[in-house]
Amino acid sequence: MSVNLRAVYAFAREMYPKNVTTDIQYGTAGFRTRNDKLYYVMYRMGLLATLRSRAKDGQTIGVMITASHNPEPDNGVKLVDPMGEMLDQSWEKLATNLVNVSDMELQDEIARIIENEKIDIGSASCVFVGMDNRYHSPGLLKAVEDGVLTLKGRVKSFGIVTTPMLHYFVVCANTNNAYGVATEEGYYDKLTTSFKRLRGTEFERGNYKNKLIFDGKCANGVGARKMLRFLKTMDNSLGIEVFNKGEGKINHECGADYVKVQQGCPIGLPEIEPNTRCCSVDGDADRLVYFFTDANNQFNLLDGDRIATLIAGYLMDLIEKCGVDVTIGLVQTAYANGASTEYIQNVLKVPVATTSTGVKHLHHKATEFDVGIYFEANGHGTVVFSNKARKSIHAASKNVGNDLNEEQVAAARKLLLTIDLINETVGDAISDMLLVETILHTNGWDVKDWLAAYTDLPNVQQKLMVADRNVIRVTDADRKCVTPDGLQKEIDLLVAKYPKGRSFVRPSGTEDVVRIYAEAATREDTDRLASEVSLITYRLAGGIGREPSV
Ligand code: G16
């Protein structure tokens, strides 16, 4: 097949001219900004995804159009590599360069990538595209498709899907459907089959009640309609009551991000009995948090840290029971509550690694363990299993050496089903929810048993507007500021005033804001520490708008 690169410029000029002058970067989760500034970006990502597919011998590459937790006018795009992982970091740089060149330079930039990456431009390629339900997503999807077609690539659009579904489709395609069938039904089927087998016929056990209240708005995102469809496939194996099925503004007063950051219930929650399990997912259904209100009307959050510790305890138990020799580790970010980290290290005795924010970093780190559990406190995470872990668990389930007892074989079989239940490709709210329900059911736990494992330190997250968030550069997994001069020293002095105090400041990679995190021994100290750090950041990093009050 011959591909004429002149079409690259012609299409850009006529259909997708670059309409901005400021550079943008491939951030925490790809490119994110206002939707009207993204058409040329989408076109160029269609070009890049095709090149990436050809560089990977024609394997399928995914392109997901979503801005997940961002406000409604925003949209975004991220690329998915062949095994469902986020785009390789070396290609993130290529993506940033490609998006920031002028229309006139675009053709040369494409030619440069082809040459440097030794791409056979006439070879086969395949790109899968999915989008969330923002009203501007279809137009942006068309731009991605046009980018692929310009380079004579093959493109398949899945329309409105959740982010984890698209990751799953990509892996299915690249494993010849060994991972699962690359359709929405195939995805639902894989999860429900393993869930039902793990649950068996006894739906309630110990303190576990088969009743989960589900925030059906799912941040008013794509997750809502997919989740509702998915729930129909569950029969009564999971007793879910959905509230909030209505329409509304995306991410407005509901969803996992809202519940986590506001530390309160989503709007519209009906009167329910105290201590009833509730959960919320985010707009593209890749994050999950649980919560409940107790008999004293006190709100309690069970976030990503809690989910991670719950999973770690369960997997360690099964691994120990079946006796396979594998390493297990847990990956967090600086946002992880200090109490969770202490619990994992001192009680569970599992090694903890900390990475920069962004599941792409956590996922990468988790693959260093045979069983790598990773979760951001915001509820974004999953578990990855090495080939060694998979093989030894499989051998144990078949009792290959004939040297295992019944209990060991049963534990290995349960582990295999658990692996099937987990969407290893990326954090997936639906799969994570089924896993949490499986573990609580196995342990016979209700939410109070789950919460009792450790006590969170009071914590808070704030946003601050600055003229240019790039003046803040961070290191040490986001925990220390390198610039502006003197900011870190001031933060250290503030933190030292408060028992169990910890605070950090970092520029968001998805929104034009600076994020401030603080925790301390008491709620009062936590709020004061956050306000003080916010004020010093405002003063030293060029804050705009009203000065924060302390
Ligand atoms: C994305 C990333 C997450 C990250 C979050 C916030 O989530 O996938 O890993 O924690 O953004 O990132 P930042 O603090 O840099 O803005 P989502 O759910 O919006 O795709």
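None of these values were measured; they are calculated from a predicted model. Both counts, for ligands and for their atoms, begin at 1 and track the order of listing.
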Any idea which heavy atoms bring Leu421 and Ser431 closest together, and the distance?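 Taking every non-hydrogen atom into account, O-OG, 2.9 Å.
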Would you say the ring centroid of Tyr290 lies under 6.0 angstrom from that of Trp450?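 Here the rings of Trp450 and Tyr290 have centres that are less than 6.0 Å from each other.
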Ring centers of Tyr374, His363 separated by less than 6.0 Å: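 Centroid distance Tyr374-His363: below 6.0 Å, so yes.
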Looking at residues at least two apart in the chain, or sitting in another chain, which of them share a ring pair (Phe, Tyr, Trp, His ring centres under 6.0 Å) with Phe299?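 Phe299 satisfies ring pair (Phe, Tyr, Trp, His ring centres under 6.0 Å) with Phe291 only.
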Would you say the side-chain atoms of Thr537 pair up with the backbone N or O of Val533, donor to acceptor, closer than 3.5 Å?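 Checked: pair present.
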When you look for protein heavy atoms under 4.0 Å from ligand 1, which residues do they belong to?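 Residues within 4.0 Å of ligand 1: Thr28, Ala29, Arg32, Ser68, His69, Lys78, Asp282, Asp286, Arg287, Thr357, Gly358, Val359, Glu376, Asn378, His380, Arg506, Ser508, Gly509, Thr510, Arg515.
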Please say whether more than 12 non-hydrogen atoms of neighbouring residues, nucleotides or ligands are located less than 6.0 Å from NZ in Lys190.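 Count over threshold, so yes.
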